[in-house]
Amino acid sequence: MADVIAVLILVVLIGGAAAYLIRAKRNGVKCVGCPAGGNCSDRRKRKRKKLSGPIIAKKTIVISGMHCEHCVQSVTDSLNQIDGVSAKVDLAKGWAEVSLDREVEDDVLIAAVEKEGFSVDSVQNQIC
């Protein structure tokens, strides 16, 4: 009898999950399970933030925890809110390439990424 109840519970759970996925796909959800509710932007070309001065430094921020384009967009937006910073985030490589037109401390960049809920593994200076 306990086996029958366990099988019924599994059927209900699996059926519910399948119904959820089917409804989500019918409604045009691109990223099921995404923190944005499935409304991740696709891989469209985004405009890069223009800096007011010449680039004086570049840094690579290695980031862990990004899973979808919504993650990329939130990190990009957070970094680009900092004066003097223009960021390009790559999901596949797990990093952000940051161009600077003024001195910006690593702690400021790290705080912007961590504010969005991701971990910074390292910040590396690039030679310009």
Side-chain angles (χ1 to χ4, degrees):
M1 184 65 163
D3 292 338
V4 173
I5 293 173
V7 169
L8 286 174
I9 291 172
L10 284 174
V11 168
V12 169
L13 289 174
I14 292 171
Y20 169 78
L21 291 172
I22 291 168
R23 267 195 312 267
K25 287 299 179 182
R26 281 186 185 156
N27 292 331
V29 171
K30 297 175 192 135
C31 182
V32 176
C34 159
N39 294 320
C40 293
S41 58
D42 51 8
R43 293 180 169 244
R44 283 182 239 151
K45 199 104 163 133
R46 293 184 187 92
K47 285 188 177 181
R48 194 153 187 188
K49 177 182 171 185
K50 300 234 187 248
L51 297 173
S52 59
I55 296 173
I56 63 166
K58 286 189 177 190
K59 296 184 180 197
T60 301
I61 305 170
V62 180
I63 303 167
S64 57
M66 296 189 299
H67 302 290
C68 63
E69 288 300 315
H70 177 262
C71 299
V72 169
Q73 189 61 48
S74 64
V75 171
T76 302
D77 291 344
S78 184
L79 287 168
N80 283 341
Q81 287 179 354
I82 302 169
D83 287 336
V85 174
S86 175
K88 179 182 173 191
V89 181
D90 189 314
L91 177 62
K93 295 178 182 172
W95 72 38
E97 185 178 85
V98 179
S99 299
L100 308 166
D101 70 356
R102 62 193 78 174
E103 288 293 324
V104 177
E105 295 294 322
D106 290 351
D107 293 342
V108 174
L109 300 172
I110 292 169
V113 173
E114 289 178 346
K115 178 179 81 171
E116 298 302 322
F118 304 101
S119 300
V120 174
D121 298 332
S122 67
V123 179
Q124 305 158 354
N125 293 320
Q126 297 178 5
I127 300 171
C128 290

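In this text, all values refer to a predicted model and were calculated from it rather than measured experimentally.
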So, for L79 and A112, which heavy atoms are closest and what is the spacing to 0.1 Å? CD2-CB, 4.0 Å
Atom pair NZ/OG1 of K93 and T60 - distance to nearest 0.5 Å: 10.0 Å
Can L100 and K58 be said to form a side chain to side chain contact (heavy atoms under 4.5 Å, CB included), step by step? CA-CA 6 Å; L100 308 166; K58 286 189 177 190; over 6 Å; no
Nearest 0.5 Å please: distance from the CG atom of D107 over to the CD atom of E114. 9.5 Å
Going by distance alone, is a donor N or O of one side chain under 3.5 Å from an acceptor N or O of the other, for D77 and Q73? yes
Please determine whether side chain to side chain contact (heavy atoms under 4.5 Å, CB included) holds for the pair L109 and K59, giving the CA-CA distance in whole Å, both sets of side-chain angles, and the decisive distance to 0.1 Å. CA-CA 10 Å; L109 300 172; K59 296 184 180 197; 3.9 Å; yes
Kindly give the cluster partners of V12, where membership spreads through any ILVMFWY side chain lying under 4.5 Å from a current member. none
Hydrophobic clustering (ILVMFWY, side-chain heavy atoms < 4.5 Å, transitive) - are V108 and I61 grouped together? yes
Derivation of the side chain to side chain contact (heavy atoms under 4.5 Å, CB included) call for V75 and I63: CA-CA 10 Å; V75 171; I63 303 167; 3.8 Å; yes
Would you check if M66 and V89 make a side-chain contact, meaning some heavy-atom pair closer than 4.5 Å? yes
Donor-acceptor pair, distance only, cut-off 3.5 Å: does the side chain of S86 make one with the backbone of L51? no
Test V123 against every option in I110, V113, V62 by the side-chain contact (heavy atoms from CB on, under 4.5 Å) rule and name the one that passes. I110
Apply side chain to side chain contact (heavy atoms under 4.5 Å, CB included) to residues I55 and D101 and explain how you reach the verdict. CA-CA 4 Å; I55 296 173; D101 70 356; 5.7 Å; no
Under 4.5 Å between side-chain heavy atoms, hopping through other hydrophobics if needed: is there a path connecting V72 to W95? no
Scanning both residues in full, the closest heavy-atom pair of A87 with T76 reads O-CG2, 3.9 Å
Give, for atom OG of S74 and atom CD of E69, the distance between the pair rounded to the nearest 0.5 Å. 10.5 Å
Atom pair CZ (F118) and SG (C71), whose distance is rounded to the nearest 0.5 Å: 4.0 Å
Between R102 and S52 the two heavy atoms that sit nearest each other are NH2-OG, 3.5 Å
For K115 versus Q81, what's the shortest heavy-atom pair and its separation? NZ-OE1, 3.7 Å
